[in-house]
Amino acid sequence: MADAVARAVRFDRYGGRDVLYVADVDMPVPGAGEVVVEVRAAGINPGEAAIRSGAIHEMFPATFPSGEGSDLAGVVTAVGPDVTEFSIGDEVLGFSFRRSSHATHTAVPVDQLIRKPPQLSWEVAGSLYVVGATAYAAVRAVAPQPGETVAVSAAAGGVGSLVVQLLVLRKARVLGIAGPGNADWLRAHGVTPIPYGPDFEGLETRLREAAPDGIDAFIDLFGPQYVQLAVDLGVAPERIETIISFQKAGEVGAKTEGSTDASTREVLSEMADLIATGAIDFEIAATYPLDRVADAFEELEKRHTRGKIVLLPHGSR
């Protein structure tokens with residue numbers, strides 16, 4: 001392998017974006033059942049910011065120095081013992097459970113990778129896993145039936161934009177709660193836009209007016225106030241799903257299924273195929289080089305981005 005050294009995002013303590021840095025690290029060596037991937041693109045996610053800040057230390061503690069990143073797409077540069085599924089030069093996408101994808105190279109078990117469809121750009125392929133698996137799990141959790149009405153908070157965000165499209169594919173009537181700037185996008189994708197309004201004033205009324213026969217299911221992608229809103233709207237607890245409001249979900253009996261519940265190659269392949277065939281749109285909001293990882297998270301943490309923010313560890317190709 002030509003490169004003797006890889007580069008990877010690291011942080012040595014919990015904190016803000018300023019704790020992030022890029023370090024030279026030993027080039028990964030694949031173990032049994034693993035390959036090394038030269039990472040062409042790696043998405044960033046809110047969960048990574050929460051881990052880095054220490055906000056979810058009890059659930060997902062960091063061991064310092066810590067790497068970060070789950071999403072990845074790239075080219076196989078080395079294969080470990082007994083690996084027959086992939087060869088050097090194969091283009092792949094997948095996920096790492098080692099917080100290691102924000103790097104130029106990472107070792108990944110082969111059962112966490114699939115072949116990259118040629119129709120997918122590196123940026124899309126490299127940011128698909130977390131949002132794709134999360135959206136799939138959230139929709140599956142509420143089991144939408146044709147003709148049912150489903151409300152979704154943060155409906156135009158990275159996860160939300162996939163959730164609403166999956167629901168439309170399942171022939172549900174979708175009420176997408178989002179800012180007014182996303183109304184046209186939601187309508188274009190078969191979703192009824194519902195503005196959340198300042199301090200959520202009047203939101204319950206707007207939802208009731210949009211669904212006079214009631215709301216069958218509610219998917220929360222933003223915060224506990226939406227779980228309570230779902231309860232107030234009369235949605236049965238087993239048809240309320242949240243990917244973020246775990247304490248509130250426990251209080252009311254809502255579901256909390258997320259990416260770990262759908263982290264399979266089969267789900268990843270299904271989502272990749274839906275995007276590759278054009279059945280679902282997948283937007284890229286911005287790309288950043290690896291050494292601007294803090295800037296990428298600054299944009300992410302504004303929480304008003306539609307589409308994914310992606311790191312390009314080797315620059316544009």
Side-chain angles (χ1 to χ4, degrees), residues 46-47 56 59 130-180 182-183 185-187 189-262 267 271 280 303-304 306:
I56 52 177
M59 294 178 62
V130 168
V131 291
T134 303
Y136 188 98
V139 171
R140 183 176 61 187
V142 301
Q145 301 300 308
E148 287 191 324
T149 298
V150 184
V152 181
S153 64
V159 175
S161 59
L162 296 184
V163 165
V164 297
Q165 292 182 81
L166 288 173
L167 289 167
V168 169
L169 284 177
R170 286 157 175 77
K171 303 188 184 304
R173 179 173 182 248
V174 186
L175 307 180
I177 303 166
N182 292 303
W185 184 92
L186 290 168
R187 288 192 194 94
H189 289 82
V191 179
T192 300
I194 307 292
Y196 50 72
D199 299 321
F200 306 99
E201 183 179 351
L203 178 56
E204 181 177 346
T205 298
R206 289 190 291 277
L207 287 167
R208 290 186 183 278
E209 290 174 348
D213 295 327
I215 293 173
D216 299 290
F218 200 115
I219 297 176
D220 163 50
L221 309 174
F222 190 88
Q225 63 269 48
Y226 285 109
V227 177
Q228 184 59 54
L229 175 60
V231 173
D232 295 342
L233 288 164
V235 181
E238 64 271 17
R239 303 295 304 280
I240 302 171
E241 153 73 6
T242 179
I243 67 167
I244 191 170
S245 308
F246 305 118
Q247 180 177 340
K248 188 65 176 180
E251 294 172 5
V252 305
K255 293 183 175 179
T256 58
E257 297 184 19
S259 62
T260 55
D261 298 288
V267 168
M271 294 300 297
I280 284 180
R303 301 188 75 173
H304 292 294
R306 187 175 69 235

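This chain uses plain numbering: 1 for the first residue, then up along the sequence.
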(request) Would you give the length of the straight line joining atom NE2 of His189 to atom CG of Leu162, rounded to the nearest 0.5 angstrom? (result) 10.0 Å
(request) Any chance you could measure Leu233, atom CG, to Ile240, atom CD1, to the nearest 0.5 Å? (result) 9.0 Å
(message) Using only atom types and a distance under 3.5 Å, with no angle test, would you say the side chain of Arg208 pairs donor to acceptor with the backbone of Ile215?
(response) no
(request) For the residue pair Pro224 and Gln247, establish whether any side-chain heavy-atom pair is separated by less than 4.5 Å. (result) no
(request) Please report the shortest heavy-atom distance between Ala178 and Ala155, naming the atom on each side. (result) CB-N, 4.5 Å
(request) Please report the closest heavy-atom contact between Val150 and Ala172, naming both atoms and the distance. (result) CG2-CB, 4.2 Å
(message) Does this structure show an ion pair linking Glu251 with Lys248, if we count only N-O contacts that are shorter than 4.0 Å?
(response) yes
(request) Report the distance from atom CG of Leu167 to atom CD of Glu148, rounding to the nearest 0.5 Å. (result) 10.5 Å
(message) Side chains of Leu169 and Ile280, heavy atoms from C-beta outward: is any pair under 4.5 Å?
(response) yes
(message) Please check: side-chain N/O of Arg170 versus main-chain N/O of Val139, any donor-acceptor pairing under 3.5 Å?
(response) no
(request) Check Val152, Leu203, Val174 against Ile194 for a side chain to side chain contact (heavy atoms under 4.5 Å, CB included) and give me the one that passes. (result) Leu203
(request) Measure across Ala156 and Asn182 and return the closest heavy-atom pair with its distance rounded to 0.1 Å. (result) CB-CG, 3.4 Å
(request) Please tell me if the side chains of Arg173 and Thr192 come closer than 4.5 Å, counting only heavy atoms from C-beta onward. (result) yes
(request) State the CG-CD distance between Leu221 and Glu241, to the nearest 0.5 angstrom. (result) 8.0 Å
(message) Could you measure the distance from the CG atom of Leu175 to the CG atom of Leu186? Nearest 0.5 Å is fine.
(response) 10.5 Å
(message) Let me confirm one number: the OG-CZ distance from Ser245 to Phe222, rounded to the nearest 0.5 Å.
(response) 9.5 Å
(request) Kindly give the heavy-atom pair with the smallest separation between Lys255 and Ala141, and that separation in Å. (result) NZ-O, 2.8 Å
(request) List the atom of Ala254, the atom of Val227, and the distance in Å for their closest heavy-atom pair. (result) CB-CG1, 4.5 Å
(message) Looking at every non-hydrogen atom in both residues, tell me the closest pair between Val235 and Phe218 and how far apart they are.
(response) CG1-N, 4.1 Å
(message) Applying side chain to side chain contact (heavy atoms under 4.5 Å, CB included) to Ile219 and Val142, what does each step give before you reach the verdict?
(response) CA-CA 8 Å; Ile219 297 176; Val142 301; 3.9 Å; yes
(request) Could you tell me how the ring of Tyr196 sits relative to the ring of Phe200: parallel (under 30°), tilted (30 to 60°) or perpendicular (over 60°)? (result) tilted
